[in-house]
Novice: 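Take a look at this one; I'll ask things after.
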There are 2 protein chains.
Amino acid sequence: MNFMSHEHHNTHASSTLNDRAQLLLKTLVERYIADGQPVGSRALSKFSGLDLSPASIRNVMADLEEMGFIASPHTSAGRIPTARGYRFFVDTLLTVKPLDRLEINQLEGQLQVDNTQKLVASASHVLSDLTHFAGVVVTPRRSSGFRHVEFLRLADKRILLILVTADGDVQNRIIHTEKAYSPSELTEAANFLNQNFAGCTFEDIRRRIQNELRQLREDVAQLMAAALNAGDQAVSDGAEDVVISGEINLLGIDDLSSNMGKLRDLFNLFERRTSLLQLLDQSSRAQGVQIFIGGEAGLQPLDECSVVTAPYEVDGKVVGTVGVIGPTRMAYERVIPIVDITAKLLSSALTQR
Amino acid sequence: MNFMSHEHHNTHASSTLNDRAQLLLKTLVERYIADGQPVGSRALSKFSGLDLSPASIRNVMADLEEMGFIASPHTSAGRIPTARGYRFFVDTLLTVKPLDRLEINQLEGQLQVDNTQKLVASASHVLSDLTHFAGVVVTPRRSSGFRHVEFLRLADKRILLILVTADGDVQNRIIHTEKAYSPSELTEAANFLNQNFAGCTFEDIRRRIQNELRQLREDVAQLMAAALNAGDQAVSDGAEDVVISGEINLLGIDDLSSNMGKLRDLFNLFERRTSLLQLLDQSSRAQGVQIFIGGEAGLQPLDECSVVTAPYEVDGKVVGTVGVIGPTRMAYERVIPIVDITAKLLSSALTQR
DNA sequence: CTCCAGCGCTCGCCTGATACGAGCGCCAGT
DNA sequence: ACTGGCGCTCGTATCAGGCGAGCGCTGGAG
């Protein structure tokens, strides 16, 4: 049909957009994010501030469509940004306004600092609350070192094992034993472990204890073994998990809730966790805010979603990722600083612990 | 119109249903639960086993409708059970088949026994998994007694406080202090608390310590206060909460997911928790399985839902509730024993800890 | 008295037709 | 280079008509 029609504009010779096209793309994306309606040439001519007629704008829009930045959902509707359009938008057109002091303080106030678990949970909650999308936080990687153990006698043959890891996290479990231990035996066993192995990794301990084990009394050895098992599990178990909150918000997003099937795929993704974790881990290698738009994440349940992430650190070392999952059509200029600040606040909260 | 037409049947003179009506109601409910389609007179005549013609059945159905057990969604469709119909069904018509041994074992295997929190979480998960609805568990009421405390020095002025309550639950938090404590000071303070107050409630301790407090060294007193605060919070904080899992399953239920608005109300209810908790608490006063159908719960987000609950116990005392939330149209004869058994398994798992 | 076959009726749903309007592409004129 | 205008494409809304499921009722049979 129009196989020659695209000769009459010089802009498309280079794959880079001229200023006019950029401005129009920018306002188109902004309008679409605001309204959720396909944006027509008339609307663009009104809102671009460029004082061009709709007809002229249509030419530019045709070019933009040809280059894959925008698309028509159907023949006679306005245009909406494609994933590539959003990408260009966030990369070069977006102007983020930083949060004002008040919001930051408010955000900081909502973080519950008294406990790593709570801290992470509240961070996720804050993210979902402020953005009205789903907040995700990957729990901090454990340093997996041993710090302290305590055996507490509950009943004759039931002992409460309390284990403190190097990063100050507490694990506890109940162990059933063959024999009834006396409190002094328990203290003795705990002391032995605490004095000899504080600071080691659990693998280290396991290796070193292999040799000394037969020099110990049989029953004490059993306690040790239990402690080591608990330690192993503490490492692998709480190893790396992703906390999601505010998924419910996504039910309200009409972009998503129109496709019931899509929506369920999305929630299944949340439940499986593992592929999501992979994605978030990947983002923790970069520094600063990172954005996955639509299929860029490589997960098709996220087709119509964007993921905005930022790594957070403890003592200068990246240990996890925070992020927001929402529809591709989200207010990036608001979400980006929110994620950014949350990561920073989380970092500092974890570092000063 | 038919203001006299209901004279020609003697059944409705008494509000109790005759055998035929009961059987028809039973098969109607069963058919509807199985198919999800309004049940017509022809279908009933086929499945009831009564060898009656559709026409005769229509008479009975008319009576049933008049008494409020069934209703037509519109003029020319079959009938569906009303809330009252379901109620009568579960009260007097339902025949529950107990789970077979295999299923019970499988269910038992899925409970993670090593920790109260995990146990509760896995119970909720099991419920949602087996029923494909949402599983809920109210966490066990704490006995709120003090058993053991431990102060662990993390850094100069940061101390990890580990608190064990009477029921063997472990709470931990990090406290920041004015002064740098030595390990021996910490041990001393812990010993003082452990030896003098084990078994008391936190209020007791607070009262008794008021007097002795000024006899203690100032800095030790500070530690005590921190421990007491943590204890108070442990009691109120983890006091009573409801764990929900498998909400996602409800997305797949077409009865619910047709009304997007309803669905969101439902999920909001889940998130607010408090009114749900009230409902579940209420059910913990009864014993055995209890069922709330539709509006019976008094919460209109649950309009089209049923809640099947059963209390669970520790040492013969009810401490919480397990349950399933699903559409009114659920396979009660399966859900009821599942909830029942789960409550029993949870009871025994908690008792033998 | 009980039951049943049949008739007419009511509606919900599906289908096809029509009208409308938004938005685009193209072109000719400035 | 820009713009006004024309024709075209489609999606949506509205409406009418046909279909079919299911019901209520009634008259007749056992």
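Residue numbers start from 1 in every chain, and the chains themselves are labelled A, B, ... in the order their sequence lines are given, proteins ahead of strands.
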Novice: Choosing from dC4(C), dG25(C), dC23(D), which nucleotide comes nearest the side chain of Arg79(B)?
Specialist: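 From the listed options, dC23(D) comes nearest.
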Novice: Within this structure, what is the CZ-CG distance for the pair Phe69(A) and Leu28(A), rounded to the nearest 0.5 Å?
Specialist: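 Output value for this atom pair is 12.5 Å.
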Novice: Tell me the interatomic distance from Asp63(A), atom CG, to dA1(D), atom C1', rounded to whole angstroms.
Specialist: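 After rounding, the gap between these two atoms is 14 Å.
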Novice: Dump the pairs, protein N or O against N or O of nucleotides 14-17 of chain C, anything under 3.5 Å, distances to one decimal.
Specialist:
none

Novice: For Ile33(A), run the side-chain contact (heavy atoms from CB on, under 4.5 Å) check against Arg329(A), Met330(A), Glu333(A) and tell me which one passes.
Specialist: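 Result for side-chain contact (heavy atoms from CB on, under 4.5 Å) with Ile33(A): Arg329(A).
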Novice: Distance check needed: dT3(D) C1' versus Asn59(A) CG, whole Å only.
Specialist: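 After rounding, the gap between these two atoms is 10 Å.
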Novice: For the rings on Phe89(B) and Tyr86(B), is their centre-to-centre separation under 6.0 Å?
Specialist: no
Novice: Report the distance from atom CD of Glu30(A) to atom CG of Asp35(A), rounding to the nearest 0.5 Å.
Specialist: 11.5 Å
Novice: Test Leu24(B) against every option in Ile70(B), Ile57(B), Asp19(B) by the side-chain contact (heavy atoms from CB on, under 4.5 Å) rule and name the one that passes.
Specialist: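 That would be Ile57(B).
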Novice: Just checking Arg87(B): does its CZ atom have more than 12 heavy atoms from other residues, nucleotides or ligands closer to it than 6.0 angstrom?
Specialist: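 Correct, the count exceeds 12.
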Novice: Could you spell out the base pairing of DNA chain C in dot-bracket, with Watson-Crick or G-U pairs whose two distances are under 3.5 Å, [ ] crossing and | to another strand?
Specialist: ||||||||||||||||||||||||||||||
Novice: Could you state the atom-to-atom distance from CZ of Arg20(B) to P of dC1(C) in whole Å?
Specialist: 16 Å
Novice: Taking atom CD of Glu103(B) as the centre, does the number of heavy atoms from other residues, nucleotides or ligands within less than 6.0 Å exceed 12?
Specialist: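 It does: Glu103(B) CD has more than 12 such atoms within range.
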Novice: Checking side-chain contact (heavy atoms from CB on, under 4.5 Å) against Val308(B), which of Val335(B), Asp340(B), Val136(B) comes through?
Specialist: Val335(B)
Novice: Could you tell me how far apart Leu64(A) (CG) and dG23(C) (P) are, to the nearest whole angstrom?
Specialist: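 Rounded to the whole Å, the gap is 17 Å.
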Novice: Just by distance, do the side chain of Arg273(B) and the backbone of Val242(B) share a donor-acceptor pair under 3.5 Å?
Specialist: yes
Novice: Main chain of Ala77(A), side chain of Ser72(A): is a donor-acceptor contact present, judged purely on distance under 3.5 Å?
Specialist: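 Checking the backbone N and O of Ala77(A) against the side chain of Ser72(A), no donor-acceptor pair under 3.5 Å is found.
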Novice: Could you list, one pair per line, each protein nitrogen or oxygen that sits under 3.5 Å from a nitrogen or oxygen of nucleotides 5-14 of chain D, together with the distance?
Specialist:
residue	atom	partner	partner atom	Å
dG5(D)	O6	Arg58(A)	NH1	3.3
dC10(D)	O5'	Thr75(A)	OG1	3.1

Novice: With Ser128(A), which residues qualify under side chain to side chain donor-acceptor pair (under 3.5 Å), at least two apart?
Specialist: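 With sequence neighbours excluded, Ser128(A) shows a side chain to side chain donor-acceptor pair (under 3.5 Å) to no residue whatsoever.
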Novice: What pairs of residues pass the side-chain hydrogen bond (donor to acceptor under 3.5 Å, both in side chains) test when at least one of them lies in residues 45-54 of chain A, not counting sequence neighbours?
Specialist: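 Qualifying pairs, neighbours excluded: Ser53(A)-Ser56(A).
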Novice: Looking at Tyr332(B) and Ser306(B), what are the two nearest heavy atoms and their distance?
Specialist: OH-OG, 2.7 Å
Novice: Got a sec? Which of residues 31-54 of chain A come in under 4.0 Å of DNA chain D, heavy atoms?
Specialist: Asp51(A), Leu52(A), Ser53(A)
Novice: Starting the side chain at C-beta, find the nucleotide from dC2(D), dC24(C), dC23(D) nearest to Met61(A).
Specialist: dC24(C)
